[in-house]
Protein chains: 2
Amino acid sequence: MPRPSRWNEIIEAAAEAFRTNGYAATSLEDIASAVGMWKGSLYHYIDSKEDLLFAVVRGPAEEILKQVRELSETDLPPTEKIRRATRSHVQILNSNFVYASVYLQEIAGRRKLPEWSAMDREYLDLLESIVREGVDSGEFSAVTNPRVTTLALIGSLNWLTHWYRPGGSLHADEIADQFCDLFLGGLISRKTQASRSQTITPLKTTKPRAKRTA
Amino acid sequence: MPRPSRWNEIIEAAAEAFRTNGYAATSLEDIASAVGMWKGSLYHYIDSKEDLLFAVVRGPAEEILKQVRELSETDLPPTEKIRRATRSHVQILNSNFVYASVYLQEIAGRRKLPEWSAMDREYLDLLESIVREGVDSGEFSAVTNPRVTTLALIGSLNWLTHWYRPGGSLHADEIADQFCDLFLGGLISRKTQASRSQTITPLKTTKPRAKRTA
DNA sequence: AGGATAACCAAACGATCGTTTCATTTCGCA
DNA sequence: TGCGAAATGAAACGATCGTTTGGTTATCCT
């Protein structure tokens with residue numbers, strides 16, 4: 001795992017190529033020429049082509065899972081949890097757009113390595129348990145199947161890679177809020193007007209935790 | 001365009017291979033051996049590998065567009081149009097699962113051939129115009145951006161290829177109804193109770209609507 | 001029955017792929 | 001300044017890919 005900036009150039013070039021042409025259709029020469037070196041020289045940084053894919057994809061995958069883990073440990077009301085989880089998802093998609101797109105196209109699809117499948121499943125389970133909280137508390141009275149509901153939300157979010165582009169006219173926060181209004185309105189059905197944003201506490205103040213892996 | 005049944009075997013084998021391994025990672029030998037012939041013999045049926053991809057994908061893409069076109073020409077209320085469009089989408093995904101999955105993974109992603117892009121855009125525009133009808137009539141009062149709302153719905157539907165499997169415990173009709181309830185509830189927000197099915201005219205003898213919880 | 005044509009076999013081609021090898025340059029640091 | 005390691009150049013490898021070619025077998029039609 002080299003550190004210097006050249007490594008970042010390689011990963012960025014790989015991510016961009018993977019996103020536009022797909023992993024299998026991208027050759028190491030595509031990546032090498034994009035950073036101005038010979039394809040054989042890439043092997044000073046990697047052991048195989050797959051290393052590039054995993055390096056591209058690891059960051060946002062771990063980040064999005066970390067954020068929903070922390071969110072799940074709070075005792076916010078379910079509506080607010082849904083809103084924050086949606087914002088996290090959209091914001092990570094926005095700020096790591098290329099990497100996240102590669103993950104969704106190359107990992108969440110076909111590639112069934114257990115490492116990534118476990119992350120996908122944990123993320124789904126965490127979101128689903130939030131939905132179940134809302135069902136148990138009576139807030140999400142319209143939900144008949146929490147898993148289907150959760151998958152519908154995740155689908156809308158992940159489909160963003162097909163049409164959203166960072167820097168476009170639609171800002172990430174607006175999209176997240178519109179998704180929340182749409183889904184929470186559906187979840188809550190006809191009940192309180194708690195669907196609007198209420199911003200209980202700022203989003204990323206939860207960092208007193210030093211290192212969790214120790 | 002040959003006719004006999006062997007052609008169907010080839011397309012089915014190609015579709016299955018494309019779905020599980022991706023188009024670029026699938027070799028013609030994979031397909032040839034699946035149907036029991038030499039890879040060179042495939043060229044009696046095709047002119048290039050891409051022919052197989054387009055043949056796999058054309059059917060459901062045209063079918064789903066045809067159905068929403070016909071729906072758009074009716075004068076049903078917007079809620080019912082949304083419900084029927086959702087059902088069409090899910091049912092086509094269900095009965096042409098492999099072909100549709102290949103389309104969504106290989107065409108709706110990266111491949112930007114104008115023919116398919118035009119179909120994608122027309123489908124999106126037709127659905128969006130349905131949403132706009134509901135906004136104009138006052139039924140979808142919670143919608144602030146019809147395009148984002150439409151893309152959220154399409155995302156949920158297309159993401160089905162990532163978790164739904166035909167023949168599983170969840171039936172296509174149930175999923176479609178749950179999606180409709182979720183999205184229409186969100187669209188209508190707090191207003192009439194028109195969110196429930198109401199089934200104006202049977203689409204294809206709408207199943208006795210599995211009774212849900214009391 | 002026989003001839004045309006469809007269907008397929010079998011082998012090979014050139015291109016390109018991921019990877020390896022070794023030589024060469026560049027750079028950090030004592 | 002010089003030396004060792006990091007970084008890259010340059011070429012080649014075997015494998016595999018999509019495609020072509022030419023021949024062989026099967027099928028259909030009148």
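Reminder, nothing fancy here: chain letters follow the sequence lines and each chain counts from 1.
- A/Arg6 has a side-chain polar atom (N or O) that falls below the 4.0 Å cut-off from OP1 or OP2 of D/dT8.
- Here the P atom of nucleotide D/dA6 and the OH atom of A/Tyr45 are 12 Å apart, to the nearest Å.
- Sorted by first and then second residue, the pairs that involve residues 72-101 of chain A and meet ring-ring contact (aromatic ring centres under 6.0 Å, His included), not counting sequence neighbours, are A/His89-A/Tyr123.
- Salt bridge status for A/Glu115 with A/Arg58: present, with a side-chain N to carboxylate O gap under 4.0 Å.
- Side-chain proximity of A/Ser41 to C/dC8, D/dG9, D/dC17: nearest is D/dG9.
- Each of D/dA6, C/dG18, C/dT19 was ranked by its minimum atom distance to the side chain of A/Ser48; first place goes to C/dT19.
- Residues passing the side-chain contact (heavy atoms from CB on, under 4.5 Å) test with A/Ser129: none are found, sequence neighbours excluded.
- Between B/Asp125 and B/Arg132 there is no salt bridge, since none of the side-chain N atoms of the basic residue sits less than 4.0 Å from a carboxylate O of the acidic one.
- No hydrogens or angles considered: nothing links the side chains of B/Asp120 and B/Ser117 as a donor-acceptor pair under 3.5 Å.
- In terms of phosphate contacts, B/His44 brings no side-chain nitrogen or oxygen within less than 4.0 Å of OP1 or OP2 of C/dC8.
- Remark: B/Glu62 engages no residue in a side-chain hydrogen bond (donor to acceptor under 3.5 Å, both in side chains) (not counting sequence neighbours).
- B/Lys49 forms a cation-pi arrangement with B/Tyr23, by the criterion of a distance under 6.0 Å to the ring centre and an angle within 45° of the ring axis.
- Following rounding to the nearest Å, A/Lys49 (NZ) and D/dA15 (P) show an atom-to-atom distance of 19 Å.
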- Message: One character per nucleotide, please: for nucleotides 23-29 of chain D, 5' to 3', B when the base has a protein heavy atom closer than 4.0 Å, S when only the sugar-phosphate does, - otherwise.
- Response: -------
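- At least one side-chain heavy atom of B/Leu65 sits under 4.5 Å from a side-chain heavy atom of B/Arg69.
- Not counting sequence neighbours, the partners of B/Trp38 by the side-chain contact (heavy atoms from CB on, under 4.5 Å) test are B/Ser41.
- One atom, OH of A/Tyr43, and another, C1' of D/dA11, lie 15 Å apart when rounded to the nearest Å.
- Taking atom CG on B/Leu42 and atom P on D/dT19, their separation rounds to 11 Å, with Å as the unit.
- The CH2 atom of A/Trp7 sits 12 Å away from the P atom of D/dT8 (whole-angstrom rounding).
- Residues from residues 28-39 of chain A that place a heavy atom under 4.0 Å from any atom of DNA chain C, listed by number: A/Leu28, A/Lys39.
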